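Keep in mind the model is a prediction, meaning the values are calculated, not measured. Just so you know, these numbers use all the heavy atoms, side chains as well, and skip hydrogens, waters and symmetry mates.
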Amino acid sequence: MNIVIVESPAKAKTINKYLGASYEVLASFGHVRDLPAKNGSVDPDANFQMIWEVDPKAASRLNDIAKALKGADKLILATDPDREGEAISWHVLEVLKEKRAIKDHTIERVVFNAITKQAVTDAMKNPRQIDGALVDAYMARRALDYLVGFTLSPVLWRKLPGARSAGRVQSVALRLVCDRELEIEKFVPREYWSLVATLTTPRGDAFEARLIGADGKKIQRLDIGTGAEAEDLKKAIEAANFSVSTVEAKPARRNPHAPFTTSTLQQEASRKMGFAPAHTMRIAQRLYEGIDIGGETTGLITYMRTDGVQIDGSAITQARKVIGEDYGNAYVPDAPRQYQTKAKNAQEAHEAIRPTDLSRRPADMRHRLDTDQAKLYELIWTRTIASQMESAELERTTVDITAKAGSRVLELRATGQVVKFDGFLALYQEGRDDDADDEDSRRLPAMSEGEALKRKELAVTQHFTEPPPRFSEASLVKRMEELGIGRPSTYASILQVLKDRGYVKLEKKRLHGEDKGRVVVAFLENFFARYVEYDFTAALEEQLDRISNNEISWQQVLKDFWGDFIGAVNEIKDLRVTQVLDALDDMLGPHIYAPREDGGDPRQCPTCGTGKLNLKAGKFGAFVGCTNYPECRYTRPLAADSEASVDRILGKDPVSDLDVVVKAGRFGPYIQLGDQKDYAEGEKPKRAGIPKNMSPGDIELELALKLLSLPREIGKHPETGEPITAGLGRFGPFVRHEKTYASLEAGDEVFDIGLNRAVTLIAEKIAKGPSGRRFGADPGKPLGDHPTLGGVAVKSGRYGAYVTAGGVNATIPSDKTQDTITLPEAIALIDERVAKGGGKPKRGAKKAKAAKPAAAGADAKAAKPAKKPAAKKAKPKSEAASKARAPVTAKTSPTKTSPSKAAKPAAKKSAGKANG
C-alpha cells in the first residue's frame, strides 16, 4: 500500500479515484503546524531556532496518517507545487518522524500542475525528494514575518494606543495607499481650457479636431490657462477658413497579452467582474480542484499561484487547433507564441494559469458551474486562446488642419484608427484601470490634402487638473508587482488584512486610507523609515528568492536583517508617547487640519478660541483635542469633515415620504427613517446600522434606503419552503435560513445576492458541522440509546470530543476518537460521569441506575439558570492550544518544538500572522 498526502479532502477524493486500490490518499487540511503566537517562537540568539506547534485540529489527522503508514511501504507527499506546498510536505514528514511512524518506508515527493488523471499519473512516475532550498525560503519568510510582527507590534501598541499591528509586507502596501491619499490632499487643481471643433468634409461627414497650435506656437494640454485666452482663440476659430494640410496613415500591429499569472488574473477579474482578489482565488481554487465530468472529477484549470507566463507545448498545440476550428486559419499565427516573464523576481517554476483542456468551451461548461465559477473560467479560457491568436492589424490616421483667420494661422489635429484585421480582438480585449476616452479609437472619414472643410460646432470647455486616482484593488496589486513587493500567494491576503484591520476601506471600487492606517504609516515612516521603503522591501524579496535558488543561507539573510531592525526598535523604546504624537502631528498636518474658509488658523480650537488643536491618543485610537484640556474638552476625529457627516438629512423615502437621516448614537452612527413624532405611540422609528467599512460621510440616499430595506427576503428554500433572508449583523453581511446563518464571502453583495448562491452558502455552512452553526444545537453523530437517558451522540466541543445523553456530557479519553468509540464505551463513560456527580440529566430524563444522589447544595446550584458568559477577546492561537491536550510536535534542526505540555498563554496580545 502507498500512502499519498495532499492538502484538501476534495483533492484527496479525486486523486484516490485516479490511482486505484493500491493507493490511499489522505488530506492534511493545509498546514499542520506553525509558530506559536507568543514571544520566543523564533530565537535570534540561537541561530534563529524555531519552535513549531501542531495545530490541535491537525493532531487527529496526523494520527490517522501515522496509523495508515503501519501497513504501507511508501509515503508520497503530493502537496501543491509551490513553496507553501513544499513546506506542508516537510512539516508532515517531520511530525511523522517525531511520532516514529517512519520506519523503512520509501519517502517520495511528487508535484503536478493540474488535477487530471494524466497529470497525476505522470507525476507519480517522476518522484523527487523534498526541496530543502524551498523549505529554507519558507522558514526565512515565516521567521521574518514573525519577528517583525512580534517585535514591532508591541512597540506600536505602547507608543500609539489604539493601533493594531504591523506586518512586513502589509505595512509597505498600506504605505502605497496612504501616500496616494497624501498626494490627493496636497494636490492643487490647475485650470485649463480646450477647444474642439466639429468639422465636415465636402461630402457632409463630420469629425472632431482639437486645437494644437496658434501663431506658430504649439499648444500643449495645459497651455490655455484662462478663460480670456480661450475666448481670444475662440473668436479666431469662428472667423477662420479650414483646409486639410496633411493626411498621414500608418499601419500598426497590436499583439495579444500573455496568459494569466496570479497577479494579472486578480487584476482582470477585478476590472471586468468586480471580484475582490480573495474571492478570485477562492473560485480559482474550486476550478483547480475540479468538478465531476462523465463520472470522474477533473480539474478545470492549472495551478493558480504562479509568476510564470509560459504554457505547455501540448496546450499551445490544442489552442491553435481550437482557434482554427472556431475562427479560421487566418487567426492562427504562423508560429506558436512564446512568452517570458518581465516582472521582478519572477519564479518561473510553474505554467501560467490556463484551462487543463481547451476543448472545454465556456458555453459547454456553463451549466456545470455556478455563476462566478463560469465567469472566471470563461475569462481564463478566452485569455489563453487569445494569447495564441494572430495579431490585430490597424491603420492609424492623423489629419492636420490649417485654420486661417486674417493674419492669424491656427492648427488643429484629428486622429483616428481603423481595424483592418481584428485578430485576437475578435475574442478578447484587456480591461483598463481608468475610464479615459481614447481618441485614437475613433474612425475618421476619407479626406485628401488641400480639401476645404466647414465648421459645424465649436466646443470651448473649462477643465481642472485632477489628483491621481486612488488605487483599485487591481491597480494596487499591479503596483506591488511592479515594485517587487509580495508574491502571488500573498496579494489577496495582504489586501484582506488591510481591510479587516480597518486600515483601508473599499468604496466605489477604490481603496481609501483610513485614519487608523494613516497614523500607523506615519509612525513607521518617522521611526522605521527603512522598513517601509519600497526598494528595501523589494531587495529583501530578492534575497529570499536567492534562498529558494540555493544561493545563500537563510540564517545569514535573517542575521543581516535582524541586527539593524532590533537596533531601530531599541532606539524608540525610550521615546515618550507625546514625542511620538508630536512627530505624527507635524507629518499628518495637511490631512488633520484642513484650511479654513475664512483664512484663519486651522489649528485654533473652535470651542475655547485660545487653545491649539493637536494629535492625542486614546484607548480607541488617535483623535484631535485641545491643548487647554481639561478646561476645554473639545475633541474630534482626525478627519476634519467627519463630525459634519452625522445628523444630516439625506432626502425623502419615496414610499413613506419621511426624511432619511444619518444620526449619531451611543453605539455609533446609524440611519433612521423619520422621527419619533412620525410614528404611533410605542412604535419606534425604523433604523439601520452603518457597515463597519463605511463612514457616515459615505452614506447617500440610495444606499441608505437599501440599508433600511434589510433584512430582505431572497426567496424560499427549495427543500423546506421556508424563507431565506439577507441582512447585516455584528459580524458583517449574512444570509439566514431558519436557525442557520452563513456569512457572505468577498464578492457577494447583501443587496443583490440570488437564491441559488444563498442556498449554496447555507448548505456549506451546515456541512461544516457544529462550528458552522451560530444558532441551534448541534445534533452530533448518533450512536444508539442509553438504557435510561435516551439517545447517545458524539459531539465536538470547545475542549475536544465528548459523548452526551439526557443532558449528561462525558469527555472521550485520548485513546479513543469520535470515529472509533462504540455505544457500550459511550454508555460506560456517561454512567461514570453521573456516578461522580458531574452531570445532571435533563428534566424529563430518568436518572441512570449507577448514579448516586447528588448533594442538596449541588442540586440547588445546578437548578440555577446558567449565566450568560461575558464576552471575551479572541485568544491567541497559542493560548487556545494551551487548553488542548499536549500537541504533537516534531524536533528538527535548526528548529525545535514546544514542550510536551502546551505553552503558557502569551502575556501580550498576538500580533497575528504577518503576511509575507
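For the residue pair S263 and Q266, no side-chain donor N or O sits within less than 3.5 Å of a side-chain acceptor on the partner. Using modelled atom types, one finds a donor on one side chain and an acceptor on the other under 3.5 Å when comparing S553 with Q555. For the residue pair N16/Y23, the side-chain donor-acceptor check at 3.5 Å is not satisfied. For the residue pair K99 / N63, a side-chain donor-acceptor distance below 3.5 Å is found, with atom types taken as modelled.
For the residue pair T262 and T306, the shortest heavy atom distance occurs at OG1-N, 2.7 Å. Shortest non-hydrogen contact noted between A12 and L26 is CB-C, 4.3 Å. Taking every heavy atom of both residues into account, P154 and G149 meet most closely at CD-O, 3.8 Å. Taking each heavy atom of A143 and L558 in turn, the nearest pair found is CB-CD1, 3.8 Å. Closest non-hydrogen pair, S41 versus P36, comes out as OG-O, 2.7 Å. Pairing each heavy atom of T79 with each of V111, the nearest pair is O-CG1, 4.4 Å.
Side-chain contact between R305 and M281 is present, with at least one heavy-atom pair separated by less than 4.5 Å. I827 places a side-chain heavy atom less than 4.5 Å from the side chain of D831. The shortest side-chain heavy-atom distance between V4 and M124 falls under the 4.5 Å cut-off. Within the 4.5 Å cutoff, side-chain heavy atoms of I15 are placed close to those of V6. Counting only heavy atoms from C-beta outward, the side chains of Q556 and Q543 never approach each other to under 4.5 Å. Counting heavy atoms from C-beta on, the side chains of D34 and W52 come closer than 4.5 Å. Inter-residue side-chain proximity for S8 and E289 is flagged as met; some heavy-atom pair is nearer than 4.5 Å. Y531 is not listed as a side-chain neighbour of S171, based on a closest heavy-atom distance of 4.5 Å or more.
Rounding to the nearest 0.5 Å places CD1 of I353 at 4.5 Å from CG of L265. Interatomic distance, CG of L829 versus OG1 of T804, reported as 12.0 Å (0.5 Å rounding). Atom CD1 of I107 and atom CD1 of I102 lie 4.0 Å apart (nearest 0.5 Å). Interatomic distance, CG of L495 versus CD of Q170, reported as 11.0 Å (0.5 Å rounding). Between the CG atom in L300 and the OH atom in Y288 there is a gap of 12.5 Å [rounded to 0.5 Å]. Rounding to the nearest 0.5 Å gives a distance of 11.5 Å between CZ of F112 and CG of D122.
Within the structure, every pair that satisfies the salt bridge (Lys or Arg N to Asp or Glu O under 4.0 Å) test and touches residues 551-570, not counting sequence neighbours, is listed here: R530-D564, R546-E551. Applying the salt bridge (Lys or Arg N to Asp or Glu O under 4.0 Å) test to every pair with at least one member in residues 1-29, sequence neighbours left out, gives these pairs: E7-K11, K11-D80.
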Should D307 and T261 be marked as a side-chain hydrogen bond (donor to acceptor under 3.5 Å, both in side chains) after you check the CA-CA gap, both sets of side-chain angles, and the distance that decides it?
CA-CA 5 Å; D307 281 329; T261 62; 5.9 Å; no
When you look at Q496 and S493, which way does the side-chain hydrogen bond (donor to acceptor under 3.5 Å, both in side chains) test go after all the steps?
CA-CA 5 Å; Q496 196 61 48; S493 62; over 6 Å; no
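One N or O on the side chain of T356 and one on the backbone of G299 form a donor-acceptor pair closer than 3.5 Å. D131 places a side-chain N or O within 3.5 Å of a backbone atom of A133 that can act as its donor or acceptor partner. Side-chain N or O atoms of H105 include one that pairs as donor or acceptor with a backbone N or O of L69 at under 3.5 Å.
Salt-bridge check for E84 with R141: failed, with every basic side-chain N at 4.0 Å or more from each acidic carboxylate O. A salt bridge links E94 with K97: the distance from a Lys NZ or Arg NE/NH1/NH2 to an Asp or Glu carboxylate oxygen falls below 4.0 Å. In summary, R168 and D145 engage in a salt bridge, as defined by a charged side-chain N under 4.0 Å from a carboxylate O.
Qualifying side-chain contact (heavy atoms from CB on, under 4.5 Å) partners for E108, counting only residues two or more places apart in sequence or in other chains: K74, I76, T106, P127. Every side-chain contact (heavy atoms from CB on, under 4.5 Å) that A137 has, sequence neighbours left out, goes to R83, I547, S548. Qualifying side-chain contact (heavy atoms from CB on, under 4.5 Å) partners for I130, counting only residues two or more places apart in sequence or in other chains: L77, E86, S89, W90, L93, R109, V135. Under the rule for a side-chain contact (heavy atoms from CB on, under 4.5 Å), the partners of T151 that lie at least two apart in sequence or sit in another chain are W562, F565, I566, V569.
Between F561 and F48, the distance separating the two ring centers is not shorter than 6.0 angstrom.
Sparse packing is recorded around CZ of R100, with 12 or fewer heavy atoms of other residues, nucleotides or ligands lying under 6.0 Å away.
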